[in-house]
Structures are given as C-alpha cells and as structure tokens.
Amino acid sequence: MGNVSSNLADLPAPIRTRSDVIAHEIRPLTIGSIPIGFPVVQAALSGYSDGPMRIVARRLGAGYTLAEVMIDRFVMDLKNRTKTRRHLLVTDEEHPVGGQLMGSDPTEFGPAAQKLVQVGFDVIDINFGCPVKTAVGGCRGGYHLSQPDVALEIVSRVRDATPPHIPVTLKMRRGIDDSSESRDRFYRILDGAFLRGAAAITVHGRTVDQKYIGPSNWDFLREVKQYVGSRTIIGSGDAFTAQACVDMLRYTGVDGVSAARGAIGNPWIFQQAQALAAGLPLPEPDLAEQRRVLEMQCELCLQYQDDVGACATMRMFGIKFSRQHPAERQVRDAFAVVKTVAEWRAVLDRWYV
Ligand SMILES: Cc1cc2nc3c(=O)[nH]c(=O)nc-3n(C[C@H](O)[C@H](O)[C@H](O)COP(=O)(O)O)c2cc1C
C-alpha cells in the first residue's frame with residue numbers, strides 16, 4: 001500500500017451534504033454469529049493496523065478490528081522471528097478480530113486461512129480490493145474482480161477450509177472500472193460469494209482504476225444494500241470523520257462502516273460516531289486524553305518491537321495524532337525527527353501538558 005495517501009489534508013473535501021435523503025436507522029452489527037455492536041469498525045490498514053493499533057481501537061470503542069492484509073504465502077512462510085511473528089499475534093482483548101488474506105492462486109488460500117484461524121483470528125476476510133500495482137500486477141487483490149470464477153473458487157476454498165463457526169467475509173471495490181462488464185462481474189462475485197456462505201461483504205465505493213482518486217460512490221453502496229436485502233454489507237470509502245460514518249450509515253443503509261484513513265490518528269472516531277448517532281455532541285479528546293492514548297499505544301508497541309521498531313511505528317502514529325493537536329504543525333515536525341522512544345516521549349513532555 002506504499003503509494004496510498006493516508007494524509008487527509010491531501011484529499012478533496014469528502015463529506016457531501018445529504019440531509020435530504022438521510023433516513024436509515026442505525027442498528028447493531030453482527031458478522032455471521034459474532035455480535036459486534038455499534039456498527040463502525042476498524043478497517044484493515046496495511047502498515048498501520050498492527051496489534052497495538054487494534055488494541056487501542058478496541059479499548060476506545062471499536063467493536064471489531066481487522067489486521068493489515070497478509071499475502072497467503074507470507075502467512076505460510078512466517079517463522080517465529082522477532083520481526084515477523086507479531087503479524088500472527090492475537091491477544092485476548094482483541095476478540096473479535098479479523099485476519100485478511102490476499103493472493104493469486106486459489107489453492108493457497110485454504111491452508112493460509114487455517115493458519116490464521118489457528119493463531120486466533122475470529123473472521124477470515126478475503127481481499128478483492130487492493131489497487132496497488134504490485135498486487136494487481138501479481139494477479140492479487142483487486143485483480144480478482146476481473147475474473148469472477150477464480151474469485152469464487154477462492155471464496156469456496158476458504159469457506160471449505162475454515163471451521164463453520166468462523167465467518168468468511170470479503171472486501172471488494174465496486175469494480176475494476178466504470179464499464180458495465182465490470183459492474184456485472186461485481187454482482188456475479190457478490191451473489192456467488194453469499195451463495196457460497198460469505199457472512200458479510202465490505203464494499204469500497206471506488207473502482208480499482210480509481211485507486212484513491214475522487215470520491216467513494218455512496219449511491220453505489222446504497223444500491224448494493226438495497227439489492228442484497230438482509231445480507232450484511234459494510235461500506236467503505238470517505239469515512240473520514242465520525243459524522244461521515246454516521247452519514248454513510250443513514251444515507252446508504254449499509255449494516256456497518258469501515259473506518260480507514262479516518263481512524264489513523266483518531267481512534268476516538270468509534271466513540272465519537274456512537275455519540276453522534278445517539279444525538280449527543282461530538283466528544284473531542286483533550287491533550288491529556290491524547291497523551292494517555294499515545295502512551296498506551298507506545299507501551300503496546302514495546303511489547304512487540306524493539307526500541308528502533310517502536311520508535312518508527314510511533315513516529316508515524318505521532319505524526320497522524322498531531323492532527324488533533326492545536327499546534328498541529330509544530331507537533332508533527334517534532335514527532336517527525338525522533339530517533340528513539342526516549343526522544344518520542346520528550347515530544348509528549350513538551351507538547352502534551
Ligand atoms: C494506508 C492504507 C492501507 C490500507 N490497507 C488495506 C488493507 O490492508 N486491506 C484492505 O482491505 N484495505 C486496505 N486499505 C483500504 C481501506 O481499508 C479503505 O477501504 C479505503 O481507505 C477507503 O476508505 P477511506 O476513504 O475512508 O480511507 C488501505 C488504505 C490505506 C489508506
């Protein structure tokens with residue numbers, strides 16, 4: 001996901017005013033037999049949604065989180081090495097948590113899914129959405145939207161390989177492009193996946209060609225939800241704020257919202273959305289709360305990573321969290337140059353008092 005902009009400031013204003021059509025009721029989400037609760041969940045985010053980010057999201061109100069996408073072969077080859085074993089660590093307080101798989105060869109998905117179940121993931125999600133060149137060029141991720149038969153073979157293989165109580169879910173973009181063939185293939189995969197036992201499908205309202213440029217098509221999400229009836233659809237795309245998450249639920253009628261870029265540096269988005277849905281004012285974290293959560297995430301990182309690794313991770317998150325700070329630019333610049341966890345903590349002492 002290297003080229004993906006996760007900087008909200010780089011993006012066009014995403015929130016459209018749709019008060020004229022906002023109507024749908026917001027209900028608790030379930031994925032298969034797993035009750036999730038309030039229907040704003042933490043998306044799979046490559047490079048971000050590691051154990052510490054997921055735990056922070058859970059402690060701050062996310063009913064469900066997803067690990068960053070893993071390539072099926074990577075899962076099978078993972079050894080118990082310090083650098084990589086954290087990808088397969090699932091802690092008790094994370095449940096329910098989803099593991100996401102991406103690959104090209106349908107035969108490799110089943111064994112990889114079994115391994116994810118063995119290490120404790122509660123849901124297996126299949127990635128048919130990733131638009132990056134290496135994924136699509138390697139016939140993985142979003143590429144599968146161009147070949148429904150292969151995509152559906154993958155769904156069957158994962159469903160057959162995992163125990164019945166483990167929900168299998170999909171992540172799809174709305175197609176490869178805007179052509180009618182692409183749209184037909186989307187619906188073939190959608191229908192076929194539910195027929196083969198998929199418990200829920202997350203739909204990102206952008207095409208693969210679109211990558212991250214231009215808006216996510218919420219009208220398409222609305223259409224898909226109307227089409228599937230009681231089956232579970234989670235919407236994705238432009239859920240940048242708590243208000244946007246609530247707007248997506250009300251406007252499109254989807255069963256859940258996947259908070260992605262909007263949750264990076266704002267793990268309060270889940271409780272904020274819940275408050276807004278209840279008609280309460282938006283709860284904003286003060287500096288003490290921001291510091292508490294930053295320190296919490298750093299402590300969690302240090303359980304998985306050495307000082308160098310934890311510093312790199314928390315430098316990245318510090319920069320994202322700085323958006324919540326009144327002195328955003330100075331705080332971001334201060335986080336950007338830290339080389340040790342001690343220097344990172346000194347930024348907290350200087351700016352979060
Ligand atoms: C940095 C980054 C990493 C992502 N990693 C994944 C991933 O591992 N798996 C996945 O299904 N989607 C991934 N996505 C896509 C998001 O889950 C989401 O569908 C997309 O960002 C649209 O939502 P947004 O516009 O609210 O950010 C990623 C997106 C970003 C920005």
On the six-membered ring of F186, is R174 placed so that its NZ or CZ lies under 6.0 angstrom from the centre and within 45° of the ring axis? no
Tested for side chain to side chain contact (heavy atoms under 4.5 Å, CB included) against M172, the lone hit among I189, T202, V224 is I189
For the pair E25 and R250, find out whether any cationic side-chain nitrogen is under 4.0 Å from an anionic carboxylate oxygen. no
Might you work through the salt bridge (Lys or Arg N to Asp or Glu O under 4.0 Å) test for R183 and E223, ending with a clear yes or no? CA-CA 12 Å; R183 184 186 160 82; E223 173 193 307; 2.7 Å; yes
Distance-only donor-acceptor check, side chains T162 and Q114, under 3.5 Å: no
Short N-O contact, E108 and R73, less than 4.0 angstrom: yes
R173 to Y212 six-membered ring, cation-pi geometry met (6.0 Å, 45°): yes
Give a yes or no on whether the backbone of S33 and the side-chain of T30 come within a donor-acceptor separation of less than 3.5 Å. no
Sub-4.5 Å side-chain heavy-atom contact between Y227 and L190: yes
Heavy-atom distance under 4.5 Å between the side chains of I126 and L101, does that happen here? no
Which is it for R86 and D50 under the salt bridge (Lys or Arg N to Asp or Glu O under 4.0 Å) test, yes or no, and what are the steps along the way? CA-CA 8 Å; R86 66 195 187 95; D50 59 1; 3.4 Å; yes
Do the side chains of E181 and R185 get close enough for a salt bridge, i.e. N-O under 4.0 angstrom? no
Quick one: do the T169 and D125 side chains pair a donor with an acceptor below 3.5 Å? yes
When every non-hydrogen atom of Q100 is compared with those of K171, the smallest separation belongs to NE2-CB, 3.8 Å
Report yes or no: do L195 and I154 belong to one cluster of Ile/Leu/Val/Met/Phe/Trp/Tyr joined by side chain heavy-atom distances under 4.5 Å? no
Minimum side-chain heavy-atom gap V246-V257 below 4.5 Å: no
Please examine the side chains of C298 and V341, heavy atoms only from C-beta on, and report whether any two atoms are closer than 4.5 Å. yes
Side chain of R159, backbone of A198: donor and acceptor closer than 3.5 Å? no
Distance-only donor-acceptor check, side chains E328 and H325, under 3.5 Å: no
Does the side chain of R196 come under 3.5 Å of the side chain of S156 through a donor N or O and an acceptor N or O? yes
I need the minimum non-hydrogen distance between L152 and G192, along with the two atoms involved. CD2-C, 3.5 Å
In the structure I gave you, are the side-chain heavy atoms of M316 and Y48 within less than 4.5 Å of one another anywhere? yes
Please evaluate residues R291 and E295 with respect to the criterion salt bridge (Lys or Arg N to Asp or Glu O under 4.0 Å), reporting the C-alpha separation (whole Å), side-chain torsions for both, the decisive distance (0.1 Å), and the verdict. CA-CA 6 Å; R291 180 177 182 142; E295 279 174 341; 3.1 Å; yes
State plainly whether one hydrophobic cluster holds both I166 and I34, where clusters connect Ile, Leu, Val, Met, Phe, Trp and Tyr through side-chain heavy atoms under 4.5 angstrom apart. no
Contact check, side chains of L88 and K115, non-hydrogen atoms, under 4.5 Å: yes
Flag side-chain contact, heavy atom, 4.5 Å: T232 against I201: no
Consider only side-chain heavy atoms of I, L, V, M, F, W and Y, link residues closer than 4.5 Å, and tell whether V123 and F194 are in one cluster. no
Could you tell me the separation between the SG atom of C245 and the CD1 atom of I269, rounded to the nearest 0.5 Å? 4.0 Å
Between the NE2 atom in H24 and the CE atom in M248, the distance rounded to the nearest 0.5 Å is 13.0 Å
Test item: side-chain donor near acceptor, D286 and Y352, under 3.5 Å: no
Run the salt-bridge test on R231 and D255 with the 4.0 Å N-O cut-off and return the result as yes or no. no
Start with the C-alpha distance between D72 and R140, add both sets of side-chain angles, then the distance that settles salt bridge (Lys or Arg N to Asp or Glu O under 4.0 Å), and finish with yes or no. CA-CA 10 Å; D72 47 11; R140 298 192 288 260; over 6 Å; no
Between SG on residue C130 and NZ on residue K211, distance to nearest 0.5 Å: 10.5 Å
Salt bridge check, R345 against E299: does any charged N sit closer than 4.0 Å to a carboxylate O? yes
Please answer: with hydrophobic residues joined when any side-chain heavy atoms are less than 4.5 Å apart, are V69 and V203 in the same cluster? yes
G103 to F109 - nearest heavy-atom pair and separation: N-CZ, 3.2 Å
Is there a donor-acceptor contact under 3.5 Å from the side chain of S182 to the main chain of D178? no
Using modelled atom types and a 3.5 Å cut-off, is there a donor and acceptor pairing between side-chain atoms of E153 and backbone atoms of P106? no
Side-chain donor or acceptor of Q42 paired with backbone N/O of A57 under 3.5 Å: no
Look up atom CE in M53 and atom CZ in R58, then write down how far apart they are to the nearest 0.5 Å. 14.0 Å
Quick one: does W268's side chain get under 4.5 Å of E284's, heavy atoms only? no
Taking all non-hydrogen atoms of both residues, which atom of I319 and which atom of A336 are closest, and how far apart? CD1-CA, 3.9 Å
For T207 and D209, test the side chains for any donor-to-acceptor distance below 3.5 angstrom and give the result as yes or no. no
Is it the case that the side chain of S258 and the backbone of S236 share a donor-acceptor pair, with hydrogens and angles ignored and the cut-off at 3.5 Å? no
About how many Å separate CG of L348 and CD of Q290, when rounded to the nearest 0.5 Å? 10.5 Å
Are F321 and L302 connected, step by step, through hydrophobic side chains (Ile, Leu, Val, Met, Phe, Trp, Tyr) whose heavy atoms are closer than 4.5 Å? no
Q210 side chain vs I213 backbone, donor-acceptor pair below 3.5 Å: yes
D122 side chain to H95 backbone, donor-acceptor under 3.5 Å: no
I'd like to know if the side chain of S104 and the backbone of C139 have a donor-acceptor N/O pair within less than 3.5 Å. no
Testing the 3.5 Å rule here: is there a donor-acceptor pair between the side chains of Q272 and N266? yes
Indicate the atoms forming the closest heavy-atom contact of V331 with S322, along with that distance. CG1-CB, 3.8 Å
W344 and D307: CA distance, side-chain angles, deciding distance, side chain to side chain contact (heavy atoms under 4.5 Å, CB included) verdict: CA-CA 11 Å; W344 183 88; D307 194 279; over 6 Å; no
To the nearest 0.5 Å, tell me how far T65 OG1 sits from L45 CG. 10.5 Å
Which heavy atom of G253 sits nearest a heavy atom of K225, and at what distance? O-CG, 3.2 Å
